[in-house]
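Order of the sequence lines fixes the chain letters, A, B, ..., with proteins taken first and strands second; residue numbering starts at 1 for each chain. For the numbers below, each heavy atom of this structure counts, side chains included, while hydrogens, waters and symmetry mates do not.
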There are 2 protein chains.
Amino acid sequence: MTASRAISNPSMVTEATRLKVQAAASKIGYVQNFVAGSLKSRRSRLIACVVPTIASGSVFLPAVRAMTQTFERLGYHVMLSQRGYGVAQEQEQIETVLARRPDGIVLTGTFVSAAARRKLKASGLPVMEMWDMARSPIDMLVGFSHEAAGGAAAAYLHGKGRRRIAMISATEPRSAAREAGFVAELQRLGLPPPRIHAVAPPTRMGHGRQGLGELLLADPKIDAVFCTTDMVALGVILESQSRGLRVPEQLAVMGFGDMDFAADVTPALTTIHVDNEQLGERAATLMVEALDGRRSKRVSDMGFEIIERASA
Amino acid sequence: MTASRAISNPSMVTEATRLKVQAAASKIGYVQNFVAGSLKSRRSRLIACVVPTIASGSVFLPAVRAMTQTFERLGYHVMLSQRGYGVAQEQEQIETVLARRPDGIVLTGTFVSAAARRKLKASGLPVMEMWDMARSPIDMLVGFSHEAAGGAAAAYLHGKGRRRIAMISATEPRSAAREAGFVAELQRLGLPPPRIHAVAPPTRMGHGRQGLGELLLADPKIDAVFCTTDMVALGVILESQSRGLRVPEQLAVMGFGDMDFAADVTPALTTIHVDNEQLGERAATLMVEALDGRRSKRVSDMGFEIIERASA
DNA sequence: TTGTAGGCGTTATCAT
DNA sequence: ATGATAACGCCTACAA
């Protein structure tokens, strides 16, 4: 028992014994066993994190990165599950995650079925939903409103005098929310429903190139395109250049995500910025606070910001 | 015990008892406890995966994604640790990972100190190194030679008649290996040492724009640039266009990674392709085979392929 | 096919 | 500050 304390809780032991234990441990190559410890203590210091995918262009990846890093800094490990954009075997997946007895669960950009929500609630574990705002949370939530972001994009483009505004959206819940906000705001401003080109995630530059082509085919006079991600917006800019369309004079292009190339594009990309570093860090911090028994805010809206550059 | 079998190993139990157990289990909301199971069985069905970072542009992320997905399909969970590009606290990090008693460890794009290698070997766990070829492996390895890739790029550009060839490289071990192979091959071909512009990872488009500027300042007559990632190459292309330099006529641009935008750039990007899907899947498959006691190949060179497009 | 016994390596608890 | 004891929940091994 003293040896156990010397390793897990050195402050409860004399310096002399601690050294003795440490010497013996390193002599025999002892490595602590968290599995046994977790069994008795009922704390695993493991966080389960469910994401749609860790594909390279994913717009929420920076938040996941920051979150993971923060958890590691605070002494937790992260178990990552990719859920895909479908919902098959969601139940089973949650079951096997819960069987690991994580101390908490983080859901990122993931809509969850009612049955799954019930299962998560029944588990009694702290649940953090990250990267979205738009529902009654299961437990804790750190995110921002995708609808509001879409609405802000519409208002911004309208404010720049654009009247034939189109969108390239993705068939994925968060993108759909941005689209809904975008459409609603345009309607409120008295504009006709925008032309929308839908693409399947994960979004790529090619979607932007091809999407602009389709949009121009349907209406050669569109004067603005709001894109569901910056990578798509970059595709729209390149396609415009190929077609001799001047950005922003003839076509305003607006992105979402403020990815690290946005400022370096020509023309520099006007886009919507979300503070992913802080978002991910706050999600992890609030989770750890909850685990330490001091829950503060349960819901935190991180907001967003339109970054005005040259493209719109 | 029968209940345990009904859940973990249903084939050892009558259908009738299995149903009875399942009914009871769902009535009380029973969720299996892998922690307890792992303690006795000494199998955790957990794989620890150490990566430098999951930043969005990381060129190895598709391999990690495929690997994770394969592990999940085969019934394993993945614990992800970001190590950063530094080496601080590497020992401690490995220690806490081993304390979780994972069934195996995957190191991705990660050089490991001698002490850490010893610790990993001493653990007796199967270790998979992924995404590189160039050393005596700790245990298993699935990757390709970055030196050979760099050499192939040099030979390709030379074969296209380019003689004043530069490179934009990153201060990161794999990029350094590509650089070394690139430099060696140019020397073998009788060319002078290339001008090299070094940038800090993670690489961004801006690195390409700025890097080309620096290279042209040092030598206005360079006729080719090999870039350490496609995103950097895209920056070089955009910067060339801004400066009125024609690609590929005046400047050949070559990337690395064949990211999903490479084909959609104008001019389409000539680059080096690695089959990340298969690489990640094979790494996971070989690991699981090792865990099942049937080790086949321990080292697997996945090779690479130059994708000739318009930019070089 | 089902049941019994015991232990995996730690930590909570109580005692010294 | 240290020690003794039991228990966490499952699975291995063996028996019926």
Checklist entry - Atom CG of B:Asn9 and atom C1' of C:dG3: how far apart are they, to the nearest Å? => result 16 Å
Item to check | Closest approach of B:Ser38 to A:Val35 (non-hydrogen atoms, all atoms of both residues) | outcome: CB-CG1, 3.9 Å
Item to check | Shortest side-chain distance from A:Tyr30, nucleotide among C:dG9, C:dT10, D:dT2 | outcome: C:dT10
Checklist entry - Any side-chain heavy-atom pair from B:Thr203 and B:Val59 closer than 4.5 angstrom? => result no
Checklist outcome for this item: DNA chain C nearest-nucleotide lookup for B:Met1 and B:Lys40: closer to the 5′ end is B:Met1
Next on the checklist: Nearest whole Å is fine: how far is C:dG9 P from B:Arg43 CZ?
Outcome noted: 17 Å
Checklist entry - Between A:Thr14 and D:dT2, is there a side-chain N or O to OP1/OP2 distance below 4.0 Å? => result yes
Next on the checklist: Rounded to whole Å, how long is the line connecting atom CG of B:Asn33 with atom C1' of C:dC8?
Outcome noted: 13 Å
Item to check | Under-3.5 Å donor-acceptor pair between B:Arg101 side chain and C:dG9 base | outcome: no
Next on the checklist: Is there a side-chain contact between A:Thr17 and the phosphate of D:dA1, meaning an N or O under 4.0 Å from OP1 or OP2?
Outcome noted: no
Next on the checklist: Would you say A:Ser4 places a side-chain N or O within less than 4.0 Å of OP1 or OP2 belonging to C:dT10?
Outcome noted: no
Next on the checklist: Rounding to an integer number of Å, can you tell me how far A:Arg100 CZ sits from D:dG9 C1'?
Outcome noted: 15 Å
Checklist entry - Whole Å only: how far is the CD1 atom of A:Ile7 from the P atom of C:dG9? => result 14 Å
Checklist entry - Could you state the CZ-P distance from A:Arg5 to C:dT11, rounded to the nearest angstrom? => result 10 Å
Checklist entry - Rounded to whole angstroms, how far apart are CG on A:Leu39 and C1' on D:dC11? => result 12 Å
Checklist entry - Phosphate oxygens OP1/OP2 of D:dC8: is one of them under 4.0 Å from a side-chain N or O of A:Ser38? => result no
Next on the checklist: Rounding to an integer number of Å, can you tell me how far B:Gln32 CD sits from D:dC10 C1'?
Outcome noted: 9 Å
Checklist entry - Across the strands shown, which category fits A:Arg42 at heavy-atom distances under 4.0 angstrom: base, sugar-phosphate, nothing? => result sugar-phosphate
Checklist outcome for this item: Between A:Ala3 and B:Gly37, the residue closer to the 5' end of DNA chain D by nearest nucleotide is A:Ala3
Checklist entry - If we only count heavy atoms from C-beta on, is the A:Met140 to A:Lys297 side-chain gap below 4.5 Å? => result no
Checklist entry - Got a sec: does the NZ of A:Lys119 have more than 12 other heavy atoms crowding it under 6.0 Å? => result yes
Next on the checklist: Looking at A:Ser41, I'd like to know whether one of its side-chain N or O atoms comes within less than 4.0 Å of OP1 or OP2 on D:dC8.
Outcome noted: no
Checklist entry - So, A:Arg178 versus A:Thr228: side-chain donor-acceptor pair below 3.5 Å or not? => result yes
Checklist entry - Between A:Ser8 and C:dT11, does any side-chain N or O lie under 4.0 Å from OP1 or OP2? => result yes
